Student: 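Take this structure, written in structure tokens, and hold onto it; I'll ask about it next.
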Amino acid sequence: MDLTEGALSTIMNGGNVEAPIMQILGSKKISGAGDNERYRLLISDGVHVNSFAMLATQLNDRIRNGDLSDNTIVRVKRHITSSVPNSGKGQKRVMIILDVEVVAPGSEVGGRIGNPVSWSADASAAPAAPAPVAAPTAAPAASSRPASANSCALSSSNSPPAKAPPSRPSPQKPFSANAGNRGGYGGGYGNNIRSPNKGMGGMELSPNASTHPIASLTPYQNKWVIKARVTGKTNIRHWSNSKGEGSLFSFDLVDESGEIRATAFRDQCEKFHPMIEVGKVYLITKAQLKTANKKFSSLNNDYEMSLTGETQIIPVHEDDSGVPQIKFNFSSLNDIENMEPNASVDVIGVVKSVGEVVTFVAKTSNRELKKRDVTIVDRTNTAVNLTLWGQDAEEFDGSCQPVVAVKGGKVNEFQGSKTVSLPGNATFQINPDIPESHELKGWYDDEGSTATFKSISQRTGGGGGGFGSDNDLITIKDARDQGLGSGGKPDYFSVKGTLIMIKSENAIYQACPGENCNKKVIDQQNGMFRCEKCGRDYPNYKPRLLLSCSVGDWSDNAWVSIFQEVAEVILGKSPEELDELKQSSADAYQQVFQAAQFKSFTFRMRTQMSVYNDEQRMKMNVVSAKKIDHKAYCGSLLTELKEVLGMGTVSK
DNA sequence: CCCCCCCC
């Protein structure tokens, strides 16, 4: 197995080598424990051995699990170099390994390859002709929220002008804006903490500052500068609790090495909120690093930063080409169906329909909220609702069916259907100038606009083209065969079914009159009715409907429970009316049930295993009963046929 | 120092 001889020298001189093959000769833990571990690698290209190589912390597990044991030959898929001060002897370049692939495990290799000698800057000649520059620059950043001035044209017409040149200068020096900088910043790398430079306190952050990779930041070093792009930003939020009150906003930063969240409180909040713009690049120094609470961030970093009175931030107006653009990690819309609630997701789709802005008061917080549902579709013939909130909802313009790309959306589940909601730190772009967007638009113009879609989101009003109500339409037999409901959690599905039988006895029960209770009360036979749930007696009860029905389709039938709201729709009577009828005329009462018999609906079912009298049984409740949308039903049959037959898109 | 992220 050949190593890429000479690669280390090139890299350490600032040149670039695409995915060199190297050998790991040793590794050493150099700082911290647990979350703060960092490893130094001894890495060889067969000619030289470099002891100033570091492993990005996200790869620590690869050391711990023995994947990168001594003598392992690896392909270094991604790396960067960083200039750090060298104990008063100027700068030293450090190689940071961001991604590796094992070519041959150490146990198989058995020993070191070649006779590599220690690399040193002095000994090395000028770099060999640098290899071609890697990684062409990504598409220019499109603007993010607010999604103002939507354009129907597929372009980044609402984007800040892209200043990035088409390719980077060579040799590449990603993390050194100016290699010969005047010292000052930088410092502590790993556990290599130096005495503080005197007189640095009041120094202004220079646009030429030597910068550090985000992945190298830890709380144990306070002298660093990062050059990073803002990928998302929240609005200013005010908080008030027992510990005090204040305002804050946060923003997410990315560079070639990693990502990190920054939060600004109170004074810093006011100071920095206006200048921080999504998509732009900044130099940042003197913020406080602290351990990130993983519960509240999905960013790949063990730390986050808080801005302090000392913090300096300056925008980088030019040459931000070395800093990656906002990266999406798109999931297909059909994949969202199987995602866990609260999962973070990036999605892209064509706006198929746009709902109205809906205002309501949240029960828990009493806050007035505004939301808007937007339905997007993609090549997988799947439709998903995006839920926009607040200003995003108000300003969204989905006319002329733009492409929307969402970063940091949140998967929501409601009654078994999935939607993607945009929390405060999520961003979206309208018609972003990225390949996925163009591809999608092309597909939509060609065939998507006339295709039939399966919605994995419950239809919640707004426009929409004949889909949504028959999502995950299956048969009762399918539901049984798939074991729905037996997974320890409720499952939802829809069935086109017919009411075979409706039991008229016990259709009305005496429910607790307490607000939002509805528990069955016990007649105390003294004019009072006891609710065990509320733990009190009431002088009255309210009649409620609870129907036991047999619902059948062509495949099978099932006994299901139908509660008040749905029962009212099916019977066309309120419980009070029915209760009265029951007292006055048994015939008229029965007539109501007979009239409903053999009616067909699209039933939304909720099924779950439950224990009753020590006996396990599958419970099935009807969540909704909707008038069958025959057009949509035929559409879903067509989609199914198409899948079965492996056909292309079926036109309506 | 927040950590709410909403509704049917």
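Residue numbers start from 1 in every chain, and the chains themselves are labelled A, B, ... in the order their sequence lines are given, proteins ahead of strands. The shown structure was predicted, so the numbers you read here are calculated from the model rather than taken from an experiment.
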Student: Planes under 30° and centres closer than 5.5 Å, is that true for A:Phe414 with the base of B:dC8?
Tutor: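 Base of B:dC8: stacked against A:Phe414.
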
Student: With a cut-off of less than 4.0 Å, is there a side-chain N or O of A:Asn293 near OP1 or OP2 of B:dC2?
Tutor: no

Student: Given B:dC3, is OP1 or OP2 found less than 4.0 Å from the side-chain N or O atoms of A:Arg237?
Tutor: yes

Student: Could you tell me whether A:Asp629 and A:Lys627 make a salt bridge, using a distance below 4.0 angstrom between a side-chain N and a carboxylate O?
Tutor: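 No, this pair does not count.
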
Student: Taking donor-acceptor contacts at under 3.5 Å, does the side chain of A:Lys295 reach the base of B:dC3?
Tutor: no

Student: Run the side chain to side chain donor-acceptor pair (under 3.5 Å) test against A:Asp61 and tell me which residues pass, sequence neighbours left out.
Tutor: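 Side chain to side chain donor-acceptor pair (under 3.5 Å) list for A:Asp61, sorted by chain: A:Arg64.
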
Student: A:Gln268 has an atom CD; how far is it from atom P of B:dC1, in whole Å?
Tutor: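 Whole-Å distance recorded here is 14 Å.
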
Student: To the nearest angstrom, how far is A:Asn425 atom CG from B:dC4 atom C1'?
Tutor: 12 Å

Student: For A:Trp239 and B:dC5, give me the distance from atom CH2 to atom C1', rounded to whole Å.
Tutor: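 Whole-Å distance recorded here is 17 Å.
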
Student: Tell me which nucleotide among B:dC2, B:dC7, B:dC6 gets nearest to the side chain of A:Arg367.
Tutor: B:dC6

Student: A:Lys294: what forms a side chain to side chain contact (heavy atoms under 4.5 Å, CB included) with it, not counting sequence neighbours?
Tutor: A:Asp302

Student: Under the criterion side chain to side chain contact (heavy atoms under 4.5 Å, CB included), I'd like the reasoning laid out for A:Leu578 against A:Val592: C-alpha separation, chi angles, the key distance, then a yes or no.
Tutor: CA-CA 8 Å; A:Leu578 206 61; A:Val592 173; 3.9 Å; yes

Student: Classify the nucleic acid contact of A:Lys290 as base, sugar-phosphate or nothing, counting any heavy atom under 4.0 Å across all strands shown.
Tutor: base

Student: Have a look at A:Lys410 and say if it touches a base, only the backbone sugar-phosphate, or nothing, with a 4.0 Å heavy-atom cut-off.
Tutor: sugar-phosphate

Student: Please determine whether any donor N or O and acceptor N or O are separated by less than 3.5 Å between the side chain of A:Glu304 and the base of B:dC2.
Tutor: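 Flag set: donor-acceptor pair detected.
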
Student: Nearest whole Å is fine: how far is B:dC4 P from A:Lys243 NZ?
Tutor: 11 Å

Student: Measure from the side chain of A:Phe296, starting at C-beta and using heavy atoms only, and say which of B:dC3, B:dC7, B:dC6 lies closest.
Tutor: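 Taking heavy atoms from C-beta onward, the closest nucleotide is B:dC3.
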
Student: Taking atom C1' of B:dC2 as reference, at what distance in whole Å does atom CD1 of A:Ile236 sit?
Tutor: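 Value for this atom pair: 14 Å.
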
Student: Does A:Asn412 put a side-chain nitrogen or oxygen below 4.0 Å from OP1 or OP2 of B:dC6?
Tutor: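 Yes, within the criterion.
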
Student: Whole angstroms only, please: what is the CG-P distance between A:Leu369 and B:dC6?
Tutor: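 Those two atoms, CG and P, are 10 Å apart.
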
Student: At under 4.0 Å, does any side-chain N or O of A:Trp389 touch on OP1 or OP2 of B:dC5?
Tutor: no

Student: Please report the interatomic distance NZ(A:Lys626) to OG1(A:Thr602), rounded to the nearest 0.5 Å.
Tutor: 8.5 Å

Student: May I have the distance from A:Leu386 (atom CG) to B:dC8 (atom C1'), rounded to whole angstrom?
Tutor: 17 Å

Student: I need the CG-C1' distance between A:Asp267 and B:dC1, as an integer number of Å.
Tutor: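 For the pair A:Asp267 CG and B:dC1 C1', the rounded distance is 13 Å.
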
Student: Should A:Lys371 be listed as having a side-chain N or O under 4.0 Å from OP1 or OP2 of B:dC8?
Tutor: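 Result: no.
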
